[in-house]
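Okay, structure first, notes after.
Below, chains carry the letters A, B, ... as their sequence lines are ordered, and counting in each starts from 1. Computed from a prediction, not measured in an experiment: that's the story for all the values here.
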Amino acid sequence: MRIKLSKDSILSLVAVILGLTAGAILMRLTGNSPIEGYRYLFSGGAMNIERIGNTLATATPLIFTGLAVAFAFKTGLFNIGASGQMLMGGLGATAVGLTLAWPKPILLTVMMLVALFAGGLWGAIPGWLKAKFNVHEVVASIMMNWIAFWTVYYAVPAYFKGPFLETESRRLPSSASLKVPWLTNLFQGSYINLGIFIAIATIIIIAFILDRTTLGYELKAVGHNKHAAQASGINVNQRIVLSMAIAGALAGLGGASFYVGFASNMQIGVLPSQGFDGMAVALLAANSPWGVFSGSIFFGILHTGKGFMNAMTNIPPEIADTIIATIIYFAATSVLVERLWVRLKKKKILRFLEKSDVGAGGGE
Amino acid sequence: MDYVVELLDIRKEFPSVVACDNITFQLKRGEIHALLGENGAGKSTLTNILFGLYQPDSGSIRLRGREVSIPNPNVANHLGIGMVHQHFKLVHNFTVTENIILGSETTNGLFIDLRSAAARITELSNKYGLNVNPHAKISDVSVGMQQRVEILKMLYRNAEILIFDEPTAVLTPQEIQELMKIMKNLIAEGKSIILITHKLKEIKAVADRCTVIRRGKLIGTVDVASTSQETLAEMMVGRKITFTIDKQEQVCGGSTLVLEGLSVRNNNGVLGVKNLSLEVHAGEIVGLAGIDGNGQVELVESIIGLRKVESGKIFLKGHDITTLPIRDRLNSGVSHIPEDRHKHGLVLEYTVGENLILKIYNQEPFSRRGLLQREAIAEHSNRVIQEFDVRAGQGAATSARSMSGGNQQKTIVAREIDRNPDLLIAVQPTRGLDVGAIEYIHRRLLGQRNKGKAVLMVSLELDEIMNLSDRIAVINNGELIGVVDANDTTENEVGLMMAGIKRGAMA
Ligand SMILES: Nc1ncnc2c1ncn2[C@@H]1O[C@H](COP(=O)(O)OP(=O)(O)OP(=O)(O)O)[C@@H](O)[C@H]1O
Ligand SMILES: [Mg+2]
């Protein structure tokens, strides 16, 4: 399972380069040196073992939400509800972690399973609404985001309130956290946690499902041409619900990796931004599972490094966000990028201009 | 010599196929020049190069004696080249006028000048006898009319050189007659036409010269008047083609398919099939004849399970399947060659191999415990590709989208016949196929019949119906007009029945 340098990955690379160029121009315009800026941005994300750990920890939830968006997209569905699915997964895991006092391995397993099912349910509902009543999944999953938002808003203060603050849950005991001492020590005190291993295992499983199983074959067939899929006996509606449920489960795991791994408690009143960044990652990855991995790591570096860049130079950290936004923009307009690419490659622009002039005269 | 178009020594390679192998093609001013070749011979590719959709790897294009380069279709339009594609490219919820001016809108100040555009369209339509209403919505007009809109689109852009890529594949016999008349009008007005078609009859009827290509290579250019259909066919496939089908008498068995008082709604919510009863027996081919849009689609879709039955029953080998899910129907022995190959037939993003298992991917040996078995799948697809002579550049790994239209059709036919179904429903099974492939598919359909299987064939081509069927069922406006024995009827009689005149009423 290597990352092939296919047309898609070339397009993504071009989008990244264009995004970085745009960032460089911005740094220049704000009177800073782009070379300095990028040096600190990237070294801030990768200069020592601790920061590498943080980059991986930041990338972990993105891997899950990126997969959640990409997987649904393979079935032709736009899962914009990863944030809500994350919240529900995180809430489920937190609830279990704060309630049960079991040995760590068992407790973590149960917490992850609960997150998986909670997120899965949150994804399945829009899927079911689509299959049954033809409600567009974008509309339904946005509504599900807000239902999750208010559910957390109510449930955390009501049942899991911390000792001092109304707005966040109690801290999880270390037996209920994905952080483990050997890993924290190995990465010299970073946020890294077991989530990254679960994420990589998940990528392998998802890639396997999509490539090698009849389920993946069916889901992709539905995504490409649901009429032909239906005529071939595939139960299209059922596959839509299942695809959304799996996507939701992935984001649910992402929620667990964030709330009981990266963080140690849940705040209320926040829709996690990773749900939306997941769309960017999936877009950049052209929906390939290993592409999601690379994209998440890249965004992880930017997020981790921007503080360092800001500390060492006068460049505002928002530049890093702008770079991300620009990359998304270019990835989304990859069709244009592709055309530009093809033209540049063939170097036919000049000939084209010359000859088409002649041509216009010829057509009486 | 007065050539308007000269394609000289054109070469175009795709990954692992040479689509055009140094082909030279010359179009005289004012002629209809047919381009003939097997499926995948390179006809669409060659004309797409002239239209600027592909760039040749080598060779040159001359227009009216001058060498030109055509980097994209806009330039082709400028140069006076227009094309009607194998699959139409119209926006369905736009009007005729809006579709025609799309991309070359003239404005008066701020607004698109629809009125004068419509006036010009009417004028052109009258001049060439096209009979198009500029204000009609595309979704409301017939396929034949849509094609005329495509023709108008070319004329509106002052095209002098018109390319028709298999224009008759989607038309009814009447519409074909009208199209040929239109083409003659166009020639009379000084246009030049390149016509791609698999139908030798049409070439004989309208074309002046014919260029034949085989597997990317030029075979020759001949005068149509002095060349017989048999010679053309032989040039094309490189062997003799038998046009008549050798059909032995055979006693047929019990009823495989029974339709009892079937009523089905169409997309507009009214009854498209009305109280129709029909039987198809084991060991016979029943041809369903009718003018396009008279309920054939609704009937077939209800048997397959794509469309709900309003009332009545469907029995397969004695079992009521009226409400059975599609998968169960497939598994109890129904196969289906759909009318619309891109909509119901193929997943274009999948490879040929993946498309060939579309209905059996979940069965052993192609999958075990939910895991696809790549070797078994590859073996299966290689065998089927070989057996049905599907021409695909990279074999089973070719993406369905990159195949020629005819080979896409062959892929579907192969998949459906290879399942050896008890009931094969074949809708326009040979649409867009070359004569060699048609001969082969016809033999396979007969083979099913001779093996004692039932075949229900829907076709708009009377020839095909007359030649293959044991019995002919004629449908008009959703009603079964009658069922006649193929040995005991004439084209004329079937034609009248298609128009809704019952057998008894003639005499
Ligand atoms: N975009 C493409 N990529 C790869 N191969 C292609 C592409 N387009 C065409 N081919 C291949 O080139 C060959 C010629 O195809 P073409 O479409 O020109 O055939 P055709 O003569 O029009 O056939 P048909 O009668 O079936 O439409 C085929 O082998 C086809 O698979
Ligand atoms: Mg073609």
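- Contact annotation for B:His336: neither backbone nor side-chain heavy atoms come within less than 4.5 Å of a heavy atom of chain A.
- Scanning residues 275-283 of chain A against chain B with a 4.5 Å non-hydrogen threshold yields no residues.
- Contacts between residues 112-122 of chain A and chain B, counted as heavy-atom pairs separated by less than 4.5 Å, involve no residue at all.
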- Message: If you apply the rule side chain to side chain contact (heavy atoms under 4.5 Å, CB included), what do you find for A:Gln230 with B:Leu306, and how did you get there?
- Response: CA-CA 8 Å; A:Gln230 192 191 14; B:Leu306 283 168; 3.6 Å; yes
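- Proximity to chain B among residues 66-80 of chain A is not found for any residue, judged by heavy-atom separations below 4.5 angstrom.
- Using a 4.5 Å cut-off between heavy atoms, B:Leu330 contacts chain A through its side chain alone, with no backbone atom that close.
- The environment of B:Glu13 atom CD is dense: over 12 non-hydrogen atoms of other residues, nucleotides or ligands sit within 6.0 angstrom.
- Within the 4.5 angstrom heavy-atom criterion, no atom of B:Ile70 approaches chain A.
- In terms of heavy-atom proximity, A:Ala231 sits nearest to B:His344 at CB-O, 4.0 Å.
- Other residues, nucleotides and ligands contribute at most 12 non-hydrogen atoms within 6.0 Å of the CZ atom of B:Arg62.
- In this structure the side chain of A:Ile234 reaches within 4.5 angstrom of the side chain of B:Tyr361, judged on heavy atoms.
- Using a 4.5 Å cut-off on side-chain heavy atoms (C-beta onward), A:Thr214 and B:Leu372 make contact.
- Contacts between residues 221-229 of chain A and chain B, defined by a heavy-atom separation under 4.5 Å, are made by A:Ala221, A:His224, A:Asn225, A:His227, A:Ala228.
- Side-chain N or O atoms of A:Tyr217 include one that pairs as donor or acceptor with a backbone N or O of B:Glu354 at under 3.5 Å.
- The contact between B:Arg374 and chain A is made entirely by side chain atoms (from C-beta outward), counting heavy-atom distances below 4.5 Å.
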